[in-house]
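The chain is numbered in sequence order, starting from 1.
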Amino acid sequence: MLLSLFRTNQIFNSFFFLLYLLVLRSSFLLQGEVDSSLIVLSNSGILSDWLLGKLADSSVLVIEAITWILLVGQAVYLSLIARKHQLVANQILMPGAMYLLVMNLIPEFLPLSSILFANTFLMLALNQLLKTYRHSSAARLIFDVGIWVAVACLFHFSYGGFILLSLVGLGTLRAFKISEAITMWLGVLCIAFLLFAHAFWYDQLAIIWSEQVLNNVSWLDFQMNNDLVTYISLSLVGIIVAIVIFGYSGIVQRQNIQFQKKVNVLYWTLLIGGIAILFNVDNTVIQAAIIGIPAGVLLGLLLSNISKTTAEVIHLLLFIAVVAWHYHPYWLK
């Protein structure tokens, strides 16, 4: 079956990510036209605004190549993180594969967006955060967590909510210390200072403050179409979230304390990501991709820990539903 491609302990088999992604994105590749749907220009962070603005006039090939490099690279990195932190044993590609499934879950997730860039730095932050477990001298790691979360925030402002994850994660993985919380905040302030220095030097303080903060904070500001397509897309996201929430016992059963604590950090990431969406401006369906990392990894862990037959059935149903929904413009009139 399909999942057997990822039931391996060889990271070199991540070549199958390309085949998996090819099927998931086939509808997008076959659309046969060049339009603004290739990139989502959402004004969600100054770095993403600048970078996506530069790419806006690029060819389809360039934009899709960048998207594939980000997705496959992130999937491989997540698989390495899962193996390094002993979250998986012999099925190291499963978290990465399920991350690809979640990040291509619905048509709204397919274009290149600020979330895809921000995810790279959130992964770096999560890796450093998980390293702090039973690490006696973790100041450098904690400082790095603050730096990477702050950089992610510059690509998508809602990722600033993961500063709270850093604090909660430290309290989950080790005895909470005020000094370590301050160290994390120093990492955040380091990036903030560099941004301030740049804005001050080029006399753009008011502009950057407005574009990075004021224009990106709201409450329950949803800008979604009130139609069947939107409801089905949101339902698919809700199904994934429900599966990983109700699958908690299936993930942590018969696992050691280290495993359970690190999985709890991933659940906190899922919760905080969901809450962060509520404070975003002009929320559309694509904002749900913020939970892509924790949802993908947790789904991968669940399918790795339950019986192979059950895992195959769950994955096959999800895979068919996702691919079929991508082609809905052809059969849903």
Side-chain angles (χ1 to χ4, degrees), residues 21 25 28-29 34-78 99-100 103-104 107-127 144 146-163 187-188 190-217 273 276-277 280-293:
L21 195 57
R25 298 183 64 85
F28 198 61
L29 295 172
V34 181
D35 57 33
S36 58
S37 66
L38 292 167
I39 294 181
V40 176
L41 299 173
S42 58
N43 298 319
S44 50
I46 58 172
L47 287 184
S48 61
D49 290 350
W50 174 80
L51 184 56
L52 292 175
K54 292 290 185 181
L55 294 172
D57 297 325
S58 300
S59 66
V60 175
L61 181 61
V62 170
I63 296 172
E64 194 64 10
I66 292 173
T67 305
W68 277 60
I69 290 171
L70 285 171
L71 285 170
V72 174
Q74 290 168 358
V76 172
Y77 186 54
L78 272 182
Y99 171 74
L100 292 179
M103 289 303 296
N104 294 274
E108 291 85 349
F109 287 1
L110 297 180
L112 182 62
S113 69
S114 58
I115 292 176
L116 201 53
F117 287 103
N119 275 354
T120 301
F121 300 97
L122 181 58
M123 290 178 190
L124 292 168
L126 274 173
N127 183 40
D144 288 347
I147 284 181
W148 294 130
V149 171
V151 174
C153 183
L154 296 181
F155 280 95
H156 197 289
F157 186 71
S158 294
Y159 279 65
F162 292 113
I163 293 174
V188 174
C190 178
I191 298 299
F193 173 77
L194 292 176
L195 179 62
F196 171 83
H198 171 84
F200 180 80
W201 183 261
Y202 291 98
D203 194 24
Q204 295 181 333
L205 280 175
I207 296 175
I208 289 181
W209 173 253
S210 176
E211 292 183 354
Q212 179 62 31
V213 181
L214 297 182
N215 293 344
N216 288 312
V217 178
I277 295 173
N280 197 57
V281 172
D282 295 334
N283 272 311
T284 57
V285 179
I286 193 175
Q287 301 303 327
I290 290 176
I291 64 171
I293 294 175

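One finds the NE2 atom of His198 at 13.5 Å from the CZ atom of Phe193 (value rounded to the nearest 0.5 Å). Taken from CD1 in Ile115 to CG in Leu122, the straight-line distance is 11.5 Å, to the nearest 0.5 Å. For the atom pair CH2 (Trp148) and OG1 (Thr120), the distance works out to 10.5 Å, reported to the nearest 0.5 Å. Residue Leu71 holds its CG atom at 5.5 Å from CG of Asn104, rounded to the nearest 0.5 Å.
Side-chain contact check for Leu154 versus Trp50: every heavy-atom pair is 4.5 Å or farther apart. In this structure, the side chains of Ile147 and Phe121 stay at 4.5 Å or more apart for every pair of heavy atoms. The closest side-chain heavy-atom distance from Leu116 to Phe155 is not below 4.5 Å. Counting only heavy atoms from C-beta outward, the side chains of Arg25 and Glu64 approach each other to under 4.5 Å.
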Test side-chain contact (heavy atoms from CB on, under 4.5 Å) on Leu124 and Val151; report intermediate values, then the result.
CA-CA 10 Å; Leu124 292 168; Val151 174; over 6 Å; no
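What you find for Ser114 and His156 is that their closest heavy atoms are OG-CD2, 3.1 Å. Considering every non-hydrogen atom in both Phe117 and Leu112, the closest pair reads CE1-CD1, 3.9 Å. Between Ile293 and Met123, the shortest heavy-atom distance links the atoms CD1-CG, 3.6 Å.
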